[in-house]
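When a ligand or atom number is given, it counts from 1 through the structure's own listing order.
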Amino acid sequence: MAKKQVKKSWAEPFKIKVVEPIKMTTKSEREKAAKEAGYNTFLLKSEDVYIDLLTDSGTNAMSDYQWAGMMIGDEAYAGSKNFYYLWDNVKKYYGMPYFVPTHQGRAAEHMVSKIMIKPGDYIPGNMYFTTTRVHQELAGATFVDVIVDQAHDPANTYAWKGNIDLKKMAKLVKEVGAKKIPYVSMAGPVNMAGGQPFSMKNLKDVYEFCKKHKIKLWFDATRACENAYFIKEKEKGYKTKSVEQILKEMCSYFDGLWVSAKKDLLVNIGGIIATKNKKVYEEARNMVVVYEGLHTYGGLAGRDMEAMARGMEEMVEYDNIHLRVGQVEYCGHQLEKYGVPIVKPIGGHAIFLDAKKFLSHLPQDQFPAQTLAAEIYIDSGVRAMERGIASAGRDPETGDHRYPKLELVRLTFPRRVYTQAHIDVMVESIASVYARRKKIKGLKMVYEPKYLRFFQCKFERL
Ligand SMILES: *Cc1c(COP(=O)(O)O)cnc(C)c1O
């Protein structure tokens, strides 16, 4: 008898100890909730959401080890023992000697931008991130996108769409001079490009370029473990290295980094500035007192810092990061079976629906991605997020919308929160919206705030 090949599945590397019930809603209830929220998924009440894929920011499920750590929070105003434990782990995992805690990532971005940038400077980066760019601009810099062209093409399957294009860097240096470029702002995987990683080879090349031109290199290390995982899986020479080793090597090429702990670190709040540069550290340590609190707590409780320190130990575990990226991959493969257009290769933290293709009958100024996110919510209570023209905001010079090449809906996976059954339900809902896509009408913006408008803007159906 011929032997039948048995499929080898893998599953979540944990069992569930505490559950949080979720409310089930009807379609007409969701229709009403969507209208009240101005068709902006940021303005929905989380109570009215069934599966919440708005963001993976601060939505992580902590482990019993982290919760146990919360009980030994040392809530001293100064010199909490949790701070020193966290500092030890910053040195251990990121390899940076100096460290300042902040209450979240954008507080770190604010201070790094203020310290490093003079008005009139230029900051090159591998595509922008909303809060990163806004702080660089508020500090007086002009942001310049130097990501490889492939990143702007959702159909391109290049493995390293987070890479920096050194030709674009050289052009910028020629145009404005290296003195006007205090640092290169590098992130990985690149959220706005679809969670796409950079390669170690590219990082080394960028490092050499920066060294030659005396430009500093700073790392938005918020999702660095996902990038390290991709390097392990896809880049030659890294298969046998651990995620921890790869992370450490990545960080070794940077002068400093900031982190939103609400991602990789498996906690609900927190941020980090870490650097090799003593002078920058001393400025940050002084500035944090003005904006966040004393440099040994930076806007956090002692228990938060303990959970961060323990989360760091878990973030580099292979099973954890494999589950993380593996869930996203599973979802992407299921959607592809229904022909739903997604950004490829499948990224590290999220699936990005290509709304330009999905709703190809809508012009970009009718907010196709915003429309699609609203439709998916109304269909099944799954909450996604727009990453397109609304997120891109307006050009500060002309006041017109920025028209980004990518018009995406992001389905972001909270870490350790949902099971494969949730993913199946979500995939089926999106497939059914796709089946009736031609009947879907666009939106018009009826309220628009000045900064980071996508958080609070409101729409009406056309
Ligand atoms: C979330 C995030 C930030 C901002 O961090 P917050 O903690 O939300 O303030 C910055 N950069 C990247 C890449 C992020 O994902």
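Under the side-chain contact (heavy atoms from CB on, under 4.5 Å) rule, Val90 has a single partner from Val259, Val100, Ile272, which is Ile272. In summary, of the residues considered (Asp56, Asn191, Thr55), a side chain to side chain donor-acceptor pair (under 3.5 Å) with His349 occurs for Asn191 alone.
For Asp264 and Arg223, the salt-bridge test fails: no basic side-chain N is under 4.0 Å from an acidic carboxylate O. Looking at Lys201 and Asp205, a side-chain N of the basic residue comes within less than 4.0 Å of a carboxylate O on the acidic one, giving a salt bridge.
Those atoms of ligand 1 with a heavy atom of Glu109 less than 4.0 angstrom away are 10 (C), 11 (N). For ligand 1 and Arg223, the ligand atoms under 4.0 Å from any heavy atom of the residue are 15 (O). Residue contact check: Thr131 has heavy atoms under 4.0 Å from atoms 3 (C), 4 (C), 10 (C) of ligand 1. Every atom of ligand 1 is numbered from 1 in the order shown, and the set under 4.0 Å from a heavy atom of Asp220 is 10 (C), 11 (N), 12 (C), 13 (C).
Ser113 and Gln136 share no side-chain donor-acceptor pair at under 3.5 Å. Side-chain polar atoms of His295 and Asn286 form no donor-acceptor pair below 3.5 angstrom.
Considering backbone and side-chain N/O of Ser260, one or more are found under 3.5 Å from N/O of ligand 1. Of the N or O atoms in Arg106, one or more lie within a sub-3.5 Å distance of an N or O in ligand 1. Residue Gly105 has at least one nitrogen or oxygen atom sitting less than 3.5 Å from a nitrogen or oxygen atom of ligand 1, judged on distance alone.
The protein heavy atom nearest to atom 3 (C) of ligand 1 is Phe129 CE2, 3.4 Å. The nearest protein atom to atom 2 (C) of ligand 1, hydrogens excluded, is given as Lys263 NZ, 2.5 Å; this is a heavy-atom distance.
Only side-chain heavy atoms of Lys262 come within less than 4.0 Å of ligand 1; its backbone N, CA, C and O stay farther off.
Ring pair Tyr297/Tyr77 is perpendicular by interplanar angle, where above 60° counts as perpendicular and below 30° as parallel.
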